[in-house]
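Working notes, structure below.
Fair warning: this is a prediction, and the values are worked out from it, not measured in the lab.
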Amino acid sequence: ALRASNPDLSSALKGEQAGSGPGRALSFRNFLVVGQVAASLALLVSAGVLLRSLQVAQGIDPGFDPEGIVTVELDLTQGAYSAIEGRQFFDQLAARVAEAPDVESVALAIDLPLDGSRWLNTIVPEGFELEADEQIIAGENRVSANYFEVLRTPMVQGRTFTDAEIAAGALVVVVNEALADRFWPDGALGRRLRIEGGEAAQIIGVVHNAKYSNLGESPAPIHFWRPYESGYTSVIQLVARARTDSRALIPTIRRLVREA
């Protein structure tokens with residue numbers, strides 16, 4: 001997979017760093033994670049407010065509900081975590097954030113919509129024979145089971161992943177309407193999608209089209225999602241939906257990252 005980027009506000013935010021602030025002593029491995037949260041969390045909430053203003057002003061449906069969403073990038077690249085340790089860190093932190101009283105739901109993903117970039121991968125849809133030099137490129141994201149629930153992206157057909165499928169490493173995938181309609185207009189559920197470097201995965205769900213890189217995308221790009229545990233990455237996006245004001249989550253998430 002490769003990542004295609006466009007410069008925007010979020011890329012600048014993700015580059016900021018700061019100290020860990022008050023609290024108990026931190027290990028070096030956690031320092032960068034806490035610093036990034038402390039520096040960028042409030043600004044990311046502000047970016048969400050800006051997104052909602054643009055959405056209303058332009059009458060554009062982003063394909064998800066940004067109201068009440070806080071996103072945090074967790075970067076363990078400098079922390080010398082193994083893949084198992086890193087995944088445990090992300091899972092345990094997400095579980096602790098989800099237990100907070102002011103949090104409605106939490107998900108993990110390797111990418112976020114409208115952050116100015118997209119993960120791309122080569123696919124071969126079942127029933128299609130490609131020429132030797134032909135490639136089909138689609139957007140990709142790896143997400144936790146409740147990702148679509150947290151973002152409130154409507155499921156058009158089928159379902160999302162289950163925790164059991166994620167734990168078992170099941171070869172399952174969710175696609176958007178654009179991908180389903182392009183290759184299987186009579187129905188995509190149960191069909192298979194071969195992703196570069198891997199076996200074919202079964203399509204279990206179709207979700208509503210959305211804006212993935214920017215609000216100006218048209219027509220909707222083809223896109224697919226698979227369980228985030230299908231491949232480890234040391235940088236993960238934590239997505240939390242607040243029960244009330246998203247800004248109320250800032251001190252909660254800062255504290256939980258410090259304690260992780």
Side-chain angles (χ1 to χ4, degrees), residues 8-56 62 64-81 85-116 143-153 228 233-260:
D8 72 338
L9 173 62
S10 67
S11 60
L13 294 178
K14 291 177 182 177
E16 299 215 15
Q17 296 182 359
S20 59
R24 68 176 179 85
L26 301 171
S27 69
F28 175 74
R29 298 202 305 182
N30 290 353
F31 179 81
L32 293 178
V33 180
V34 176
Q36 186 171 46
V37 171
S40 65
L41 192 50
L43 293 178
L44 286 169
V45 173
S46 299
V49 173
L50 175 61
L51 168 60
R52 290 192 290 275
S53 299
L54 289 171
Q55 176 187 350
V56 172
F64 64 95
D65 179 11
E67 186 69 35
I69 286 291
V70 173
T71 65
V72 183
E73 182 174 89
L74 303 170
D75 188 346
L76 303 183
T77 305
Q78 304 297 322
Y81 284 80
E85 291 174 329
R87 186 172 287 118
Q88 288 176 342
F89 178 92
F90 294 139
D91 289 343
Q92 291 170 4
L93 178 60
R96 295 190 65 185
V97 172
E99 292 173 353
D102 46 358
V103 173
E104 179 181 302
S105 53
V106 174
L108 297 170
I110 65 167
D111 199 13
L112 292 173
L114 301 180
D115 70 349
V143 302
S144 58
N146 59 340
Y147 173 80
F148 302 107
E149 173 191 344
V150 174
L151 286 188
R152 296 178 181 169
T153 298
Y228 94 97
T233 174
S234 60
V235 181
I236 283 287
Q237 314 297 327
L238 185 146
V239 187
R241 180 172 292 280
R243 294 188 184 278
T244 54
D245 185 356
S246 57
R247 288 168 293 189
L249 295 188
I250 294 174
T252 298
I253 295 179
R254 281 178 177 161
R255 174 177 59 80
L256 291 174
V257 172
R258 288 192 187 103
E259 296 173 354

Tell me, do Thr233 and Tyr228 make a side-chain contact under 4.5 Å, heavy atoms counted?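 The answer is no; the side chains never approach within 4.5 Å.
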
Discussion item. Within the 4.5 Å heavy-atom criterion, are Ile69 and Phe64 side-chain neighbours or not?
Written reply: no

- [ ] Determine, stepwise, if the pair Glu73 / Leu238 fulfils side chain to side chain contact (heavy atoms under 4.5 Å, CB included).
- [x] CA-CA 6 Å; Glu73 182 174 89; Leu238 185 146; over 6 Å; no

Gln92 meets the side chain to side chain contact (heavy atoms under 4.5 Å, CB included) criterion, sequence neighbours left out, with Gln88

Practice prompt. Report the distance from atom OG1 of Thr71 to atom CG of Leu112, rounding to the nearest 0.5 Å.
Written response: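 Those atoms lie 5.0 Å apart.
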
If the condition is side chain to side chain donor-acceptor pair (under 3.5 Å), which residues does Ser234 pass it with, not counting sequence neighbours?
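Only Thr77 meet the side chain to side chain donor-acceptor pair (under 3.5 Å) criterion with Ser234.
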
With Tyr147 via side chain to side chain donor-acceptor pair (under 3.5 Å) - residues at least two apart
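Applying side chain to side chain donor-acceptor pair (under 3.5 Å) to Tyr147 gives none.
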
Please output the side-chain donor-acceptor pairs of residues 95-109 that fall under 3.5 Å, not counting sequence neighbours, one pair per line with the distance.
unit_1: Arg96; atom_1: NH2; unit_2: Glu259; atom_2: OE1; d: 2.9
unit_1: Asp102; atom_1: OD2; unit_2: Thr252; atom_2: OG1; d: 3.2
unit_1: Glu104; atom_1: OE2; unit_2: Arg152; atom_2: NH2; d: 3.2

Closest heavy-atom pair, Arg241 versus Asp65, reported as atoms and distance to 0.1 Å, is NH2-O, 2.6 Å

query: Between Ile110 and Val235, is a side chain to side chain contact (heavy atoms under 4.5 Å, CB included) present by the stated rule, with each step listed?
result: CA-CA 7 Å; Ile110 65 167; Val235 181; over 6 Å; no

